[in-house]
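Reviewing the structure listed below.
Below, chain A is the first sequence line, B the second, and so on; all start at residue 1.
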Amino acid sequence: MNRTSDFLDEIIARHMHRDGAADEATAARVLKSLDGPLPRQRHSLFDHWPSLLLTRDFAPAWPRLAALCGVTLIGCMVGFMTPNLSVRKSSAMVIAEVDGSSLVFDSDPITGVRP
Amino acid sequence: MDEASDEALMLRIARGDERAFRALAPRYATRAVALARRICGNPADAEEVVQEAFLRVWVNAPRWRPEALFRTWFYRIVFNLALNRTRRAPFAPLEAAGDPPDPAPPADQVMERAEQDRLIASAIAELPARQRSAIALTYGDELSNAEAAAILGTSASAFETLLVRARRALRVKLRMDDGD
């Protein structure tokens with residue numbers, strides 16, 4: 001068979017469109033099946049919770065809330081992520097490693113000069 | 001009949017408007033059935049695919065964003081569902097022999113056309129699913145390459161390559177000797 005590309009296009013197109021009536025009947029059955037009750041829609045939680053709060057007069061004051069959240073977050077990050085720094089350890093370090101008496105009674109702790 | 005655009009109807013559907021859904025569905029039902037049938041190969045699977053696609057449109061409408069045409073989004077749902085179905089069960093054209101002959105044209109023409117239909121149906125059935133989809137979107141739905149590529153989730157140039165390969169494969173299967 002030695003045919004042109006146009007002929008190929010023609011028979012493909014004809015084949016693609018040959019079942020139009022059957023497709024319409026199938027489509028009618030599909031639409032009829034959708035006449036019944038539809039399932040629940042899937043809502044994203046984050047799409048709707050601000051509006052729910054607005055309807056109940058619990059609308060957050062966004063700038064203040066954002067500031068509070070930001071400061072809280074920074075505080076937590078500094079508190080949890082700062083290495084080797086805790087109240088107990090720093091006070092223990094003071095008691096164990098610093099001799100305050102020499103600072104108090106030494107007349108000149110830097111030069112060592114005594115009267 | 002609601003004359004609003006597809007996208008306007010989708011915004012209403014996203015708010016749970018069933019009337020908008022029932023106005024939008026008939027616009028695409030026949031074309032979606034045709035697309036699904038061309039990919040799946042039989043009307044029974046196509047019917048289930050399109051029903052599932054419409055239900056997905058309804059259920060997921062609140063998540064739809066009007067960044068792309070509704071048609072592209074919907075066809076992509078149909079395409080993916082049909083492709084999944086062909087992966088589960090191989091493509092099986094039930095009506096490869098074509099429609100009953102039209103009494104108007106002469107009998108020899110009718111027989112020749114029926115034979116052509118049978119050959120092309122068989123050749124298309126043997127194509128890989130994506131090449132078959134490319135043929136269906138181009139010749140069946142007459143979409144632009146860009147839109148068809150968006151539905152298949154690929155670039156326009158990759159889609160053109162897919163289409164060229166599909167046509168070349170069809171020419172080989174039909175023993176056509178010329179080039180593009």
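No other option in B:A123, B:A32, B:A36, B:A29 has as many heavy-atom pairs under 4.5 Å with chain A as B:A29. The greatest number of non-hydrogen atom pairs below 4.5 Å with chain A, out of B:D141, B:L55, B:I120, is found for B:I120. Taking chain A as the reference chain and counting heavy-atom pairs below 4.5 Å, the highest number among B:A61, B:A34, B:A46 is found for B:A34. In terms of heavy-atom pairs under 4.5 Å with chain B, the best-connected choice from A:V30, A:T26, A:L38 is A:L38.
Residue contact with chain A, scored on non-hydrogen atoms closer than 4.5 Å, is absent for B:E48. In this structure, chain A has no heavy atom under 4.5 Å from any part of B:Y28.
Taken to the nearest 0.5 Å, the CG atom of B:L127 stands 6.5 Å off from the CD1 atom of B:I135.
Contact check on B:E47 versus B:R37 returns no salt bridge, with no Lys/Arg side-chain nitrogen under 4.0 Å from an Asp/Glu carboxylate oxygen.
Side-chain polar atoms of A:R14 and B:Y139 form no donor-acceptor pair below 3.5 angstrom. With no hydrogens or angles considered, no side-chain donor-acceptor pair links B:T30 and A:E24 at under 3.5 Å.
Taking the six-membered ring wherever Trp is involved, the centroid distance between the rings of B:F74 and B:F70 falls below 6.0 Å.
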